Amino acid sequence: MINIKFFADFRERAGVASLKLEQSGETTVASLVETLLEQNNDFEFLSSKNVLIAVNQTLSASDAKINDGDEVAFFPPVTGG
Amino acid sequence: MINIKFFADFRERAGVASLKLEQSGETTVASLVETLLEQNNDFEFLSSKNVLIAVNQTLSASDAKINDGDEVAFFPPVTGG
Amino acid sequence: MMIKVQSADFCVGEEYSRLRQNADSDGAIVTFTGLVRDFNQDGSVSSMFIEHYPGMTEKSLMKICSEARMRWELGQISVIHRIGHLTASEQIVFVGVTAKHRKEAFEGAQFIMDYLKNSAPLWKKEGTLSGMKWVDSKTSDEQALTRWYEDKQVS
Amino acid sequence: MMIKVQSADFCVGEEYSRLRQNADSDGAIVTFTGLVRDFNQDGSVSSMFIEHYPGMTEKSLMKICSEARMRWELGQISVIHRIGHLTASEQIVFVGVTAKHRKEAFEGAQFIMDYLKNSAPLWKKEGTLSGMKWVDSKTSDEQALTRWYEDKQVS
């Protein structure tokens, strides 16, 4: 099971703050995104250029490896401070 | 009359905080220093490299012109802050 | 190192006193405070909502402070970031740094703010005349990072 | 622009509040506070005396602040410098600056401190184990100025 989270604009576009996805064996963020896009058009924003990715709360690239139990978050460029 | 002031280490070396010097007509800080050196050996420190000069409370060079009524101050490099 | 992510306001005077109390032999204390400005690119801002990624925000701020310590000899570091609803002119963020010398304290605080702006998972939604709207990230914030690139990079 | 040269201590919290109150549309407030460190190059410092040039000190600080305003868009500026007897860990100097953006506030405050260190007529005498001794000016303070030379110079 992969725990997926969306924040800010992405949370609103996804219509959910988090969801869980069954996953057996190691995969990558990129193929996780493909799976999500196949499931639902609402995740279209995940193919835009300005998507930040965090795997287990650490900023990561789209080729980052993910395994069962990992937390993967997608969010737009940050605007705090 | 030129009003001369000394600060910090220079005040202690001069043995006075201020003194007045009769002066008719325009002169320069450099020739004022010469006059002081002729008067008293205690002013020897004025020929060192690290002498800052202020004419009427504005940092100035030794060729700065001075006139009757001006205030001329001599002090070592500043160490505030 | 003190990191706080909170909805409550903070008191700069108290934060300064705490830094000073623990400053030991440090001779310099620099504080930065960010306020909700009463305007921005898109018109008047009357209110603001700040969303964050619970857990990761704190982790990210800790990492930024550790990175700052690797670059400069710093004493105390405090970072406070507010979340939730804020109104115009309220305090949003505080960064306080002590160091032996002023250069380190200034640069350390500026570095922390520059990286916080670009890597801490926080998002602003502004209430403008045309409704609530997510704030766009600024290229000037990305540019601000480039001055720190000489050495190494916070991911 | 508020310039104070005084023997009394100051409260950073109050100074910050004053800056914030008048910050209008500014989103950034940077403060710098300098403390008497409890050591220096020549051993333990137990007390300090700061001498100044009455009149010129204020004039010089005003000039430095005006120069900072010519370089950056700054809002409020406060500078306080203490004179007379101070003991270890006491506050010596305060610089507070507000600006629309953080870069201006950081650079403005740092510029004012760098120039104050090099051109404001103030001198420190430290009480060390070997008696009272005038502090030597530091080349690092002169070097700190060079980063501001690109544009123009405060005399």
Side-chain angles (χ1 to χ4, degrees), chain C residues 10-40 44-45 48 75 88-114 116-117 138 140-141 143-144 147, chain D residues 10-40 44-45 48 75 88-114 116-117 138 140-141 143-144 147:
Chain C
F10 51 84
C11 171
V12 171
E14 278 173 29
E15 298 307 325
Y16 169 81
S17 296
R18 201 188 332 269
L19 287 167
R20 185 183 169 194
Q21 213 159 13
N22 299 310
D24 296 329
S25 61
D26 285 346
I29 305 180
V30 168
T31 74
F32 171 85
T33 312
L35 309 174
V36 180
R37 289 190 294 145
D38 58 4
F39 70 94
N40 80 338
S44 164
V45 172
M48 180 173 277
S89 88
E90 273 200 83
Q91 301 179 138
I92 305 175
V93 59
F94 175 83
V95 172
V97 167
T98 77
K100 290 212 170 25
H101 305 287
R102 73 184 182 286
K103 187 173 187 289
E104 282 70 24
F106 272 116
E107 294 191 355
Q110 201 168 1
F111 173 92
I112 290 168
M113 274 308 300
D114 285 349
L116 183 159
K117 281 265 181 189
K138 283 190 291 183
S140 63
D141 283 328
Q143 285 161 355
R147 73 175 280 216
Chain D
F10 52 84
C11 171
V12 171
E14 278 174 29
E15 297 307 324
Y16 169 80
S17 296
R18 201 188 332 269
L19 286 168
R20 186 184 168 193
Q21 213 160 15
N22 300 309
D24 298 328
S25 62
D26 286 345
I29 306 181
V30 169
T31 73
F32 171 86
T33 313
L35 309 174
V36 180
R37 290 190 293 145
D38 59 4
F39 70 95
N40 79 336
S44 163
V45 171
M48 180 174 278
S89 88
E90 275 201 81
Q91 303 179 135
I92 304 176
V93 60
F94 174 83
V95 172
V97 167
T98 78
K100 290 211 171 23
H101 304 288
R102 72 185 183 285
K103 187 173 188 290
E104 282 71 22
F106 271 117
E107 292 191 357
Q110 201 168 2
F111 173 92
I112 290 168
M113 274 308 300
D114 285 350
L116 183 159
K117 281 266 182 188
K138 284 191 290 184
S140 63
D141 284 328
Q143 284 160 355
R147 73 174 278 214

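Bear in mind the structure is a predicted one, so any value in this text is a computation, not a measurement. Sequence lines set the chain letters: A, B, ... in the order given, protein chains first and strands last, and positions in each chain run from 1.
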Next item on the list: Identify, with sequence neighbours excluded, every residue that meets side-chain hydrogen bond (donor to acceptor under 3.5 Å, both in side chains) alongside Gln143(D).
Entry: none
Next item on the list: Check side-chain hydrogen bond (donor to acceptor under 3.5 Å, both in side chains) between Glu107(D) and all other residues, then give those that pass, not counting sequence neighbours.
Entry: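 By the side-chain hydrogen bond (donor to acceptor under 3.5 Å, both in side chains) rule, Glu107(D) matches Trp72(D), Lys103(D).
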At a 4.5 Å cut-off on heavy atoms, which part of [X] comes close to chain C: side chain, backbone, both, or neither?
X: Phe106(D); value: both
X: Ala105(D); value: neither
X: Glu14(D); value: neither

Do [X] and [Y] have side chains that approach each other closer than 4.5 Å (heavy atoms only, starting at C-beta)?
X: Asp114(D); Y: Arg102(C); answer: yes
X: Leu35(D); Y: Thr33(D); answer: yes
X: Phe32(D); Y: Val97(D); answer: no
X: Val12(C); Y: Gln91(C); answer: yes

Next item on the list: Please determine, among Thr31(D), Ile92(D), Thr98(D), Val30(D), the option with the most heavy-atom pairs under 4.5 Å with chain C.
Entry: Thr31(D)
Next item on the list: Specify which of Lys117(D), His101(D), Met113(D), Arg20(D) makes the most heavy-atom pairs with chain C at under 4.5 Å.
Entry: Arg20(D)
Notebook entry, point to check: With a 4.5 angstrom heavy-atom cut-off, which part of Ala144(C) approaches chain D: side chain, backbone, both or neither?
Noted result: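 For Ala144(C), the contact with chain D is made by the side chain alone.
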Margin query: As an exercise: rank Gly96(C), Ser17(C), Ala109(C) by heavy-atom pairs under 4.5 Å with chain D and give me the winner.
Written below: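 If we count pairs closer than 4.5 Å to chain D, Ala109(C) comes out on top.
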